[in-house]
Protein chains: 2
Amino acid sequence: MEKSSDVLTKEQIIAATEETIRRYGMAKTSVTDVAKALDVSHGSIYRHFKSKTELFEAATEQWLEEKIIAPLADVCRDSSLHGVGHVHAYIQTLVRLKRHYAREDEALFAMYAKVSDESAELISKHIGCIVGHLTDIMLRGGLKSDHPERSARAVFYATARFHHPAHAYEWKSPAIDAEFSDVWALIEQGLKTND
Amino acid sequence: MEKSSDVLTKEQIIAATEETIRRYGMAKTSVTDVAKALDVSHGSIYRHFKSKTELFEAATEQWLEEKIIAPLADVCRDSSLHGVGHVHAYIQTLVRLKRHYAREDEALFAMYAKVSDESAELISKHIGCIVGHLTDIMLRGGLKSDHPERSARAVFYATARFHHPAHAYEWKSPAIDAEFSDVWALIEQGLKTND
DNA sequence: TGACTGACAAAAAATAAAATTTGTCATTTG
DNA sequence: CAAATGACAAATTTTATTTTTTGTCAGTCA
């Protein structure tokens, strides 16, 4: 990842950060390493991000947007889905995506887990986005509720075990799919009934 | 905590372990410290527990039994409760107990969190016990289900955010009670309907 | 003139050396 | 002889020391 053009951009820096984390792992990646990958002085990076924390947060935000939110937005928009089934498809996708990246992109998933742990703001924005999608699906799907947003948030929290990174080690269990089905069966009734 | 009688017992050792953890914290407590508190050589402790890990597991098991399982067993037995309300009271108690000890017995809660993290066996036994209670409540309460134990487990997992130690930092939020209510409202329907 | 460099102090992390803790066991004690 | 001790090696942790990294900024360069 050498910078090709002559002006260094945030995008290039974030791309180099991802590459370096994939190569060395989260714990061993320094701003200096990222600068080396770009063949610039580390001072240049501080022109674009005011701290290491901010750089890693930006990288995580982009990773979440691209790998999680974008595919979820597709499911949200999907007009072939409707009502409770739409909510199910959405949460199922969320759960599968988290599980997929926990396995297949371990280093960046570790970045996401660590940053989540340290930046309440970022994670609350991420959750806000998902709750927004769910609220939208519920309203469009004719799932009447006095407080659609609260119901949406409840669905998210009731399935936390299956998408919160603190539970990632439990996702290796062969029973995990059956457990999700059983939790879903419970929730589904609550969505069908007007709460 | 000096040993009063002349034979050292497991119970004395566990009591001294708790005391020492409360005094020095989980990270700073060594087997040597526990032995000092009992005024015996640390070798004596190894006559009763074959490793530090086993000692801490035993202490955690006892703590869980006394602080969590025993009060839950009371709620389970409570004949003034019935059906969905009984399940609610049980889970509510579980949630409140965990929250209570996370605040009021920080050091031992940290022990429980750490041991949970490292001993899948202990935690699975603990969960098994709770799921057993819930299954019992559901069967006695006329909550028909094709798979009562699976339903019981689903209730437990759907409320994980409110009792799993990995989420303890979220329990400080002033919204936590409202969030639990909303999740419960969702679940309740699923319990009323035969799944 | 605005993007970048490179030198710098302060903070943090890695390494090395010293001290403690863990776990065993032959010996002692009551 | 059952229970506990204390001496011991190996493993781990702590502390001290060195090195790297972070973050700033005056100065360079195109």
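A, B, ... follow the sequence lines: proteins, then strands. Residue 1 opens every chain.
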**Prompt:** When the distance from CD1 of B/Ile45 to P of C/dT21 is rounded to whole Å, what number comes out?
**Reply:** 13 Å
**Prompt:** D/dG23, D/dT22, C/dC4: which one has an atom nearest the side-chain heavy atoms of A/Ser51?
**Reply:** D/dG23
**Prompt:** Salt bridge check: are A/Asp117 and A/Lys114 linked by an N-O gap of less than 4.0 Å?
**Reply:** no
**Item:** Exercise: identify the closest heavy-atom pair between A/Phe49 and A/Ala58
**Value:** CE2-CB, 3.6 Å
**Message:** Does D/dA4 have its OP1 or OP2 closer than 4.0 Å to a side-chain nitrogen or oxygen of B/Ser44?
**Reply:** no
**Item:** Between C1' of C/dT21 and OH of B/Tyr46, the distance in whole Å
**Value:** 8 Å
**Message:** Below 30° counts as parallel, above 60° as perpendicular, anything between as tilted: where do the rings of A/Tyr157 and B/Phe162 land?
**Reply:** perpendicular
**Request:** Describe the nucleic acid contact of A/Ser30 in one word from base, sugar-phosphate, nothing, applying a heavy-atom distance below 4.0 Å.
**Result:** sugar-phosphate
**Request:** Spell out yes or no: do the side chain of B/His42 and the base of C/dG23 have one donor N/O and one acceptor N/O closer than 3.5 Å?
**Result:** yes
**Asked** Any side-chain N or O of B/Thr32 under 4.0 Å from OP1/OP2 of C/dT22?
**Response** yes
Give every pair of a protein N or O atom and an N or O atom of nucleotides 14-17 of chain D that lie under 3.5 Å apart, one pair per line with the distance.
unit_1 : atom_1 : unit_2  : atom_2 : d
D/dT14 : OP1    : B/Lys28 : NZ     : 3.1

**Request:** Could you state the atom-to-atom distance from NZ of A/Lys36 to P of C/dC4 in whole Å?
**Result:** 20 Å
**Asked** Counting only N and O atoms by type, is there a donor-acceptor contact under 3.5 Å from the side chain of B/His86 to the main-chain atoms of B/Val75?
**Response** yes
